[in-house]
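Notes follow once the structure below has been shown.
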Protein chains: 2
Amino acid sequence: MPETARHDVFQAIADPTRRKLLQLLSEKEMPIGALAAHFPISRTAVAKHLAILSDASLISGKKTGREKIYVLHPEPLREVKEWLDYYERFWDNKLSMLKHLVESGEEQSLKETETRKKPNH
Amino acid sequence: MPETARHDVFQAIADPTRRKLLQLLSEKEMPIGALAAHFPISRTAVAKHLAILSDASLISGKKTGREKIYVLHPEPLREVKEWLDYYERFWDNKLSMLKHLVESGEEQSLKETETRKKPNH
DNA sequence: TAATTATGAAACCTTTTGGTTTTATTTTTA
DNA sequence: TAAAAATAAAACCAAAAGGTTTCATAATTA
């Protein structure tokens, strides 16, 4: 695994082993050994999957002593979510409008809460 | 492309060419020739991508005369969305609860689905 | 300090992916 | 009906993906 090419988040989550790694790291940060114990493949193979996830900025590792603890970084998944939002309208005719309102309201609130706390009715 | 193994929706959307194919088909149903015109690769290569998308049940083709018209089937993307919903809470602390309420309500109306706590992949 | 533990790195292997070119087959249409 | 158009199918190819084993290195601990 040359690790030269930049890895895409869509490609990173395409592999079931990598999805399970993300799930494990979402429960608790762990070193590679603890992660590898959950799989039938070798620790080296897990290390390569971690490298791909790291390349997609989905995880990072901090070395403490002789261990390297891996931590989840879910932010890049937002790109996938935004891609999906476009298609959601095609399968969901019911509440898509409400949900889009909620989500656009959320973005608004993220910007607004710094400057304003009360509604401006 | 032996087409023996069943294709996963996560894997199907991993390739940028296939994502663009989905986008084109979301605008208008088209035969393979019209699709291939949007890419620098051969029509045969596009045909293989379409086979993968079809294998993931994301599209289907109906033959009319000498043309085969491809149609988008976005439903399998719901699986990706549900997987993402689990991670959304990690980047969105504000309205995730409201959104989860909206979405669980939606799922309930479509079918009686349990609220899931862990991803199933 | 010597053995153990945890990880990193390199070399290698097989299958899958994403692409090509070539050769049919089936409908239209000139 | 012969030519053109649209697609399908087969054979082939290079590179990437996913795995292995083997060897090396850095911290711990007995």
Side-chain angles (χ1 to χ4, degrees), chain A residues 1-25 28-72, chain B residues 1-25 28-56 58-72 121:
Chain A
M1 133 162 352
E3 212 54 73
T4 49
R6 196 122 228 83
H7 276 105
D8 188 62
V9 63
F10 285 91
Q11 200 215 322
I13 65 171
D15 185 89
T17 298
R18 289 196 288 272
R19 288 200 298 278
K20 187 166 182 183
L21 282 170
L22 292 179
Q23 189 238 298
L24 289 169
L25 289 176
K28 186 159 62 80
E29 59 184 40
M30 272 180 267
I32 184 172
L35 289 167
H38 290 82
F39 299 90
I41 62 179
S42 71
R43 196 192 51 76
T44 306
V46 172
K48 292 185 185 179
H49 284 298
L50 290 175
I52 290 173
L53 290 173
S54 179
D55 202 30
S57 303
L58 280 166
I59 63 172
S60 65
K62 51 181 177 185
K63 203 161 81 178
T64 52
R66 86 182 133 178
E67 287 189 334
K68 188 171 179 184
I69 312 289
Y70 286 91
V71 181
L72 180 69
Chain B
M1 199 245 35
E3 210 56 74
T4 48
R6 197 121 225 88
H7 275 105
D8 189 62
V9 63
F10 285 91
Q11 200 214 323
I13 65 171
D15 184 89
T17 298
R18 290 196 286 272
R19 288 200 298 277
K20 187 165 182 184
L21 283 170
L22 292 179
Q23 188 237 298
L24 290 169
L25 288 176
K28 185 158 65 77
E29 58 184 40
M30 272 181 266
I32 184 171
L35 289 167
H38 291 82
F39 299 90
I41 62 179
S42 72
R43 196 191 53 73
T44 306
V46 172
K48 291 184 185 180
H49 284 299
L50 290 175
I52 290 172
L53 290 173
S54 179
D55 203 29
L58 280 166
I59 63 173
S60 64
K62 51 182 176 186
K63 203 161 81 178
T64 53
R66 85 182 132 179
E67 287 187 334
K68 188 171 179 183
I69 311 288
Y70 285 92
V71 182
L72 180 69
H121 308 288

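In what follows, chains carry the letters A, B, and so on, assigned in the order in which the sequence lines appear, proteins first and then strands, with residues in each chain numbered from 1.
In this structure, the CG atom of A:Asp15 is 11 Å from the C1' atom of D:dG19, given to the nearest Å. Spacing between atom NZ of B:Lys63 and atom C1' of C:dT27 amounts to 10 Å, rounded to whole angstrom units. One atom, NZ of B:Lys62, and another, P of D:dA6, lie 18 Å apart when rounded to the nearest Å. We find that NZ of B:Lys48 is positioned 12 Å from P of C:dT21, with the value rounded to whole Å. Look at CZ on B:Arg19: it is 11 Å from P on C:dG18, rounded to the nearest Å. The CG atom of A:Asp8 sits 15 Å away from the P atom of D:dA16 (whole-angstrom rounding). Going from atom CG of B:Leu35 over to atom P of D:dA6 covers 14 Å, rounded to whole Å.
Taking the nucleotide of DNA chain D with the nearest heavy atom to each of A:Thr64 and A:Ile41, the more 5' of the two is matched to A:Ile41.
Comparing atom distances between the A:Thr44 side chain and each of C:dA9, C:dG19, C:dT7 picks out C:dA9 as nearest. Candidate nucleotides C:dG19, C:dT7, D:dT21 were compared by shortest atom distance to the side chain of A:Glu67, and C:dT7 ranks first. Between D:dT20, D:dT7, C:dG8, one nucleotide has an atom nearer to the side chain of A:Lys68 than all others, and that is C:dG8. Distance from the side chain of B:Thr17 is smallest to C:dG19 among C:dG19, C:dT7, D:dT7. Comparing atom distances between the B:Ala45 side chain and each of C:dT7, D:dT20, C:dG19 picks out C:dG19 as nearest.
Residue side chain A:Arg66 reaches the base of C:dT5 through a donor-acceptor N/O pair under 3.5 Å, judged by distance alone. Evaluation of atom-type donor-acceptor distances gives a pair under 3.5 Å for the side chain of A:Arg43 against the base of C:dG8.
A:Leu25 approaches A:Tyr70 most closely through the heavy-atom pair CD2-O, 3.4 Å.
Remark: B:Gln11 is in phosphate contact with C:dT17, judged by side-chain N or O atoms under 4.0 Å from OP1 or OP2. For D:dG19, neither phosphate oxygen OP1 nor OP2 lies less than 4.0 angstrom from any side-chain nitrogen or oxygen of A:Ser42. The phosphate of D:dG19 (OP1 or OP2) has a side-chain N or O of A:His49 nearer than 4.0 angstrom.
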Determine, stepwise, if the pair B:Arg18 / B:Leu50 fulfils side chain to side chain contact (heavy atoms under 4.5 Å, CB included).
CA-CA 8 Å; B:Arg18 290 196 286 272; B:Leu50 290 175; over 6 Å; no
Audit row: B:Asp8, A:Arg19, salt bridge (Lys or Arg N to Asp or Glu O under 4.0 Å) steps and yes/no
CA-CA 13 Å; B:Asp8 189 62; A:Arg19 288 200 298 278; 3.7 Å; yes
